[in-house]
A.B. asks: 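Questions regarding the structure given below will be posed in turn.
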Amino acid sequence: MTMPDAATTGPDDDRSVRVERDGGVAIVTIDRPAALNALSASVLEELEQVFLELADATPALRGVLLVGAGGRAFVAGADIRAISALAPAEATQLARRGHRAAAAIEALPVPVIACVDGFALGGGLELALACDLIFATDASSFGQPEVKLGLIPGFGGTVRLPRAVGLARAKELIYSGRRIGIDEAVTAGLVARRFADRDALLAGARETIAGIAVNSPTAVGLAKRVLVAATGQPTDVATELEIAGFEDAFRTDDMREGVAAFLEKREPHFGGA
Ligand SMILES: CCCCCCCCCCCCC[C@H](O)CC(=O)SCCNC(=O)CCNC(=O)[C@H](O)C(C)(C)COP(=O)(O)OP(=O)(O)OC[C@H]1O[C@@H](n2cnc3c(N)ncnc32)[C@H](O)[C@@H]1OP(=O)(O)O
């Protein structure tokens, strides 16, 4: 898939996942508003491909905003119509496809911000949890309602939701399947920043990426690699992962530049190598 820029995507574009580049920021839009951006097999495949290809755009790429089209939902879950036709083995295959898309997001060495405006449910919340940060508008709601369909989360919710909100709250949300609003989502630590509306949300997400982009791209990428790999691991395993990342930082030109700039009392100029 070639990486289209804003000029090559338009209303008649049949992609379910669109990518627009704006300087160092990529905006990835899931565009199935008639189904509240529900995740189909092709959306999952496109998401994985998009994020794998964005890896080739670094270090010029400094951050990604993941958004849902239509103004009512980020993503309202896996496509229930499609799920109804699945055999168990097919469901497993598609869940693995979803996990691959999440892995591609976590492997991208730049911050990915899920910009939620509306519903983030089931696979939609799980997709947001694979991102580095969840920012949301006051109109947003979140939940893992799979048990209401006789299912369980199949896209990492039982792995990442406890890490975000703690095991007890994750259990209550997954067992009850209830939706929570923005107040509870912020209190629970699920949402990092809230905004009055979509414009403020996207502006705030860009501001956060700009604030990170002044730092060494290699250091930010190494920090993400360690945080993704180490979280949830036993302490001895996690500390070894951090030590390996710390050692890798000493092999970078950015580290030399950062230390030299401090000692020479000047601003660093990081090349991302
Ligand atoms: C072969 C392809 C397979 C693709 C599937 C991929 C599976 C693998 C992916 C990884 C595994 C994911 C595992 C995940 O954990 C499982 C799930 O996500 S299960 C789904 C969880 N989500 C939900 O249960 C939410 C369902 N939606 C609702 O509850 C409501 O729609 C709402 C969000 C509360 C909004 O309600 P309303 O405002 O009343 O709006 P409508 O209900 O009328 O919705 C408008 C329109 O959108 C359609 N729609 C909404 N959600 C989905 C959905 N999840 N899948 C498909 N379609 C959806 C809804 O049917 C309406 O359409 P219309 O009737 O107008 O045609």
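For ligands, and for the atoms within them, numbers begin at 1 and follow the listed sequence. Computation of the quantities below employed the complete heavy-atom set of this structure, encompassing side-chain atoms and omitting hydrogens, waters and symmetry-equivalent molecules.
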A.B. asks: So, are Asp22 and Arg206 salt-bridged, with charged N and O less than 4.0 Å apart?
C.D. replies: yes
A.B. asks: Evaluate the salt bridge (charged side-chain N to carboxylate O under 4.0 Å, His left out) criterion for residues Arg178 and Glu172: first the C-alpha distance (whole Å), next the side-chain angles of each, then the deciding distance (0.1 Å), finally the verdict.
C.D. replies: CA-CA 9 Å; Arg178 71 185 175 90; Glu172 190 273 325; 2.8 Å; yes
A.B. asks: Does some non-hydrogen atom of the protein lie less than 4.0 angstrom from atom 51 (N) of ligand 1?
C.D. replies: yes
A.B. asks: Under 3.5 Å, is there a donor-acceptor pair between the side chain of His99 and the main chain of Gly154?
C.D. replies: yes
A.B. asks: Answer yes or no: is there an ion pair linking Asp248 with Arg251, defined by an N-O contact shorter than 4.0 Å?
C.D. replies: yes
A.B. asks: Which atoms of ligand 1 sit under 4.0 Å from any heavy atom of Glu126?
C.D. replies: 13 (C), 14 (C), 15 (O)
A.B. asks: May I ask you to list the atoms of ligand 1 that are less than 4.0 angstrom from any heavy atom of Ala82?
C.D. replies: 1 (C), 2 (C), 3 (C), 4 (C)
A.B. asks: From the options Leu39, Ile152, Asn37, Leu44, select the one whose nearest heavy atom is closest to atom 9 (C) of ligand 1.
C.D. replies: Leu44
A.B. asks: Any nitrogen or oxygen of Glu146 lying under 3.5 Å from a nitrogen or oxygen in ligand 1? Just yes or no.
C.D. replies: yes
A.B. asks: Could you pull out the closest heavy-atom pair between Leu201 and Val116, with the gap in Å?
C.D. replies: CD2-O, 3.5 Å
A.B. asks: Atoms of ligand 1 less than 4.0 Å from Pro153 heavy atoms?
C.D. replies: 15 (O)
A.B. asks: I need the atoms of ligand 1 closer than 4.0 Å to a non-hydrogen atom of Pro145, numbered in the order shown.
C.D. replies: 21 (C), 22 (N), 23 (C), 24 (O)
A.B. asks: Compare Gly77, Gly70, Gly177, Ala76 and give the one whose heavy atom is closest to atom 25 (C) of ligand 1.
C.D. replies: Ala76
A.B. asks: Within the 4.0 Å heavy-atom shell around Ala41, which atoms of ligand 1 are there?
C.D. replies: 2 (C), 4 (C)
A.B. asks: For Ala78, is at least one N or O under 3.5 Å away from an N or O on ligand 1?
C.D. replies: yes
A.B. asks: Assess the side chains of Ser140 and Arg194: does a donor N or O sit below 3.5 Å from an acceptor N or O?
C.D. replies: no
A.B. asks: May I ask you to list the atoms of ligand 1 that are less than 4.0 angstrom from any heavy atom of Ala34?
C.D. replies: 46 (C), 47 (O), 62 (O)
A.B. asks: Does Arg18 come within less than 4.0 Å of Glu20, counting only side-chain N to carboxylate O?
C.D. replies: yes
A.B. asks: Go through ligand 1 atom by atom and flag the ones less than 4.0 Å from a non-hydrogen atom of Arg72.
C.D. replies: 37 (P), 38 (O), 40 (O)
A.B. asks: Any nitrogen or oxygen of Gly154 lying under 3.5 Å from a nitrogen or oxygen in ligand 1? Just yes or no.
C.D. replies: yes
A.B. asks: Report, in ascending order of atom number, the atoms of ligand 1 lying under 4.0 Å from any heavy atom of Leu149.
C.D. replies: 19 (S), 20 (C), 24 (O)
A.B. asks: Do Ser40 and Asp79 pair up side chain to side chain, a donor and an acceptor below 3.5 Å, judged on atom types alone?
C.D. replies: no
